[in-house]
Structure formats: C-alpha cells, structure tokens
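First the structure, in the form of structure tokens, and then the observations on it.
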Amino acid sequence: MQDRDRCLALDADDPLRDFRDEFALPEGVIYLVGNSLGALPRRTPERVNQAVTDEWGVQLVGGWNSAGWYDQPLRVGDRIAPLIGAGPGQVVAGNTTSIAVHQAVSAALRLRPDRRVIVSDVNNFPTDHYMIEGLAAGYEIRDFAEGRFDDAAVVLLSEVDYRTAERHDVAEVTARVQAAGALMVWDVCHSVGALRVDVSAADFAVGCTYKYLNGGPGAPAFLYVNPRHHATAVNTLSGWHGHADPFAFESGYRPAEGIRRFAISTPHVLSFAALEAALDIWDRVPLDRLRAKSVALGELFVELVGDALELASPADPERRGSHVSFRHPDGYPVMRALIDRGVQGDFRAPDILRFGLAPLYTRYTDVYDAATTLLEVLEKELWRDDRYARRLAVT
Ligand SMILES: Cc1ncc(COP(=O)(O)O)c(C=O)c1O
C-alpha cells in the first residue's frame, strides 16, 4: 500500500494546492462528490449577499440594467466558453441541462428534416434519454452502440459516462458522426471542469455548472451552438429573451441574432451571482494541470483499492473522466457506512460506488484516507449494520 507520507509529499508539491483554500469544506469530511455537487467557494456567500442586498435591495428593478442582470446569460456564457473550447458569443447560460438538451436536439432535428433517426446511448444519464423520448414522435431512437449514423438526424452522447466515468473521444466521434451527415450534440456535465473539453467541432453541446464548476445547487446550465448554425437553427423554446427586441413587446416571435436567440426567459439572477463567484476561480485554473492531477488522484485510488472491489471504470486513465467507480452488490449500505465514517462518495443504482475527484480541493491524502476507510468497511463488513440498509430519498 502507498505510504501516507508519500501522499503528504505529493500534496506539498501540488501546483494546484493553493486553490483548496478558496473553498469552504467542513471539518472531518472527505468530500468526493464534487462530480455531483461541487464544494462552496469561500467568496460565494459574500457575492450572493451583495446581489441580494446591494443589487436587489437597493437597485430594485433598475438592477436589470445597472447590475447587468439582463446580460448574465451571455456574459456568463462567454466565461464558460474557454472551459469547453468555444469562443465568445457561442455559449448561452441559464435554465437546466434538460432544457438545453431539448433545445439542441429539437434544433438539430429541424436542421435535418429529411432524416428520422435519433441516436443516443442507452447508458446515457436518464434525463438526456427522457428528453429525446419527448421529442421522438415520428422518429426511431437507436442506440449509439449500433454505430450506424448514415440515416441519423442527430447523435446525443455524454463525453464522460456518469456511472463508469468512461470517456468518449470527442474529436473522433464528432468527425465520424458528421461525415455520415448527422449532427453531433455533446453533454459535458461530467467533463467540464475536470478535463480540457473541446466541443468546438460539434454542432451543439450542453452542460451543467453545479458539479465540477462549483456554481451551487440548481446552478444555471449552458448551451453551446456552433456559429455555423446561428443564423439557421431554430430555438423551439422561443421565449421572449431570445427575441430580437424583447422590450418592443411585439406579438410575434422574431429571433435575435447570434447566440442570444437561444436565451429563453428571465435569468435566475441569484443563482447566476453564485456561479459568477465560482467562475472567478475557474478563470485562473490551468486546465492541463487540472487534468494531470485528476489522473494522478484516480490512479492512486485504483491502486489503493486494488482487488478489494471490481473496478467499474476503465483501467486506462486516458479513457476515464475524473471520477472512479467500483461495483459491489451491496453498494448502497457500503456507501452509507463510508459516509458515516466521514468519507462522502455516492451510490448509483444498481451497484456502483462513485468517488469524484475534484482536483482543486481533493488532496492525495484525502484519497489515501478514503481508500483506507473503504478497505476497513469492506474487511470488517461494517456495512452490514441494519442502519445502512434503509434508502434515503436522494442517493
Ligand atoms: C450527464 C448529465 N446530464 C444531465 C444531468 C442533469 O440535468 P438537469 O440539470 O436538467 O437536472 C446530469 C445530472 O447529474 C448529468 O449527469
């Protein structure tokens, strides 16, 4: 087993180590769920308080102009863009990932009216699949594993699988899909803020900001639209904030130019304030170092757990995102026992134990301590305690 002192030395040498101080993490908890809900940046409460007290409290409705609320979706979109390989004016923030999936897929279907097949991955995060089902009247839904795109209108995939962390090669798949005449939509929820994402060749991309980007619970999502579609793609959720002149209050819909046509409605101003505080950190993150540390943390975890559990993630770190998953038939009580001992991971049905490694605040010693506790829970069968069998509403 790796020695804890070696992990202490790795933490001391870590070029990202100072970022940890920018997050408020509770004492006594090893938090390995940054892939589900990222930790709280220390500056966020002050920024949200300012938005409430100084902006809402003092500027009142004038805040739409004077505090820049109206421009949040595009301003924040431009700040997210470098994290996904996009340029200015190509990303709009707001709403939820599910809504962005709906917008991207329905726009893609209209751009390929002659084709009647939607390709998706049956293992994709369920909401992506559910949103497709909602749009699929008159369409066949085909699994990505069949590998046939020549009659497909659109292909929707996640770059990193939410359960296993398996990673697709975005450039290779995008090129293959587009060569077959289909449009490519990427969901980067589990890769943005964990890898150097590059969706610039794709037609559309969607993602959330509450995981690795630390935007907070319910933080706004985002939608990337390749500029080649800006003039022709239709936003079927044609709300007033995507109108060319919302405050003319015209009775008919006239889409705005550029990415603004994909805005829908009143931005969630307070959530945007929290997200902007998090992006103040992300503006400074060197993505190659982030990825290098994520790989190193993952390798350490896999090595420490060894044969005690079946690895559900790819063994090759290049094919893995930033979480590591293991299988256990009693995964739920095992995770509950672990959480009771201060190691917070999560469980995904039917048998996956998931550990998210957020390189800005996860230390090598955290991985060491988490793996040691996990091994103890397994060896001593501490998970067999009846208290751990009862399912909570959110796993
Ligand atoms: C790949 C993926 N897509 C979408 C979502 C969630 O979508 P929404 O923001 O609409 O809740 C998640 C949430 O974990 C996800 O992992």
Side-chain angles (χ1 to χ4, degrees), residues 31-39 73 76-77 80 83-84 91-106 108 118-135 143-144 154-168 170 173 184-195 197 199 202 204-224 237 262 264-265 267-268 271-272 274-275 278 312-313 320-325 344-349 352-358 393-395:
Y31 189 66
L32 302 180
V33 205
N35 57 320
S36 184
L37 176 65
V76 171
I80 293 169
L83 300 171
I84 60 167
V91 178
V92 59
N95 314 303
T96 66
T97 318
S98 305
I99 290 172
V101 166
H102 181 100
Q103 289 180 284
V105 173
S106 62
I118 303 173
V119 176
S120 177
D121 176 352
V122 283
N123 294 315
N124 206 346
F125 189 81
T127 204
D128 293 43
H129 220 67
Y130 301 159
M131 295 310 282
I132 284 185
E133 286 182 20
L135 286 165
D143 187 26
F144 178 73
V154 57
V155 177
L156 168 66
L157 282 187
S158 287
E159 178 174 15
V160 170
D161 184 281
Y162 76 105
R163 269 192 285 235
T164 63
E166 179 152 12
R167 176 188 180 194
H168 283 291
V170 166
V173 174
M184 185 72 223
V185 182
W186 286 104
D187 180 332
V188 298
C189 279
H190 281 276
S191 43
V192 65
L195 318 169
V197 174
V199 293
F204 301 88
V206 304
C208 66
T209 62
Y210 44 72
K211 300 183 192 293
Y212 292 105
L213 295 188
N214 314 98
F222 58 87
L223 170 66
Y224 160 79
L237 298 179
F262 282 91
I264 301 174
S265 48
H268 298 102
S271 291
F272 266 112
L275 175 56
S313 299
R320 213 164 54 211
S322 200
H323 61 277
V324 177
S325 300
Q344 179 105 40
D346 67 8
F347 168 76
R348 284 292 171 265
I352 299 269
L353 296 160
R354 236 177 26 159
F355 300 95
L357 308 167
V394 174
T395 60

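These values consider heavy atoms only, across backbone and side chains, with no hydrogens, waters or symmetry-generated copies. Each ligand, and each atom within it, is numbered from 1 in the order the structure gives. All of these numbers come straight from a predicted model, not from anything done at the bench.
Of all protein heavy atoms, the one closest to atom 3 (N) of ligand 1 is Asp187 OD2, 2.8 Å. For atom 13 (C) of ligand 1, the closest non-hydrogen atom of the protein is Lys211 NZ, 3.2 Å. When only non-hydrogen protein atoms are considered, atom 15 (C) of ligand 1 lies nearest to Phe125 CG, 3.4 Å. Scanning the protein for heavy atoms near atom 7 (O) of ligand 1, the closest one is Thr97 CB, 3.4 Å. Of all protein heavy atoms, the one lying nearest to atom 10 (O) of ligand 1 is Ser98 OG, 2.5 Å. What sits closest to atom 6 (C) of ligand 1 on the protein, heavy atoms only, is Tyr210 OH, 3.3 Å.
Formation of a donor-acceptor pair under 3.5 Å by the Ser271 side chain with backbone atoms of Ala219 is not found in this model. When atom types are taken as modelled, the side chain of Arg163 and the backbone of Arg354 share no donor-acceptor pair closer than 3.5 angstrom. With hydrogens and angles ignored, the 3.5 Å screen pairs no side-chain donor or acceptor of His129 with any backbone N or O of Asn123. Looking only at distances, a side-chain donor or acceptor of Thr164 sits under 3.5 Å from a matching main-chain atom of Glu166.
Residue-ligand proximity, Thr96 to ligand 1, at heavy-atom distances under 4.0 Å covers atoms 10 (O). Taking every heavy atom of Asp128 and a limit of under 4.0 angstrom, the matching atoms of ligand 1 come to 3 (N), 4 (C).
Heavy-atom neighbours of His102 NE2 from other residues, nucleotides or ligands within 6.0 Å: above the threshold of 12.
For atom 16 (O) of ligand 1, the choice among Met131, Glu159, His190 with the nearest heavy atom turns out to be His190.
In this structure, CD1 in Ile80 is found 5.5 Å from CG in Leu275, a value given to the nearest 0.5 Å. Expressed to the nearest 0.5 Å, how far CD of Gln103 lies from CD1 of Ile264 amounts to 3.5 Å. A distance of 8.5 Å separates CG of Leu37 from CG of Asn214, quoted to the nearest 0.5 Å.
Backbone and side-chain nitrogen or oxygen atoms of Tyr162 are examined, and none is located within less than 3.5 angstrom of a nitrogen or oxygen of ligand 1. Checking only distances, Ser158 never comes within under 3.5 Å of ligand 1, N or O to N or O.
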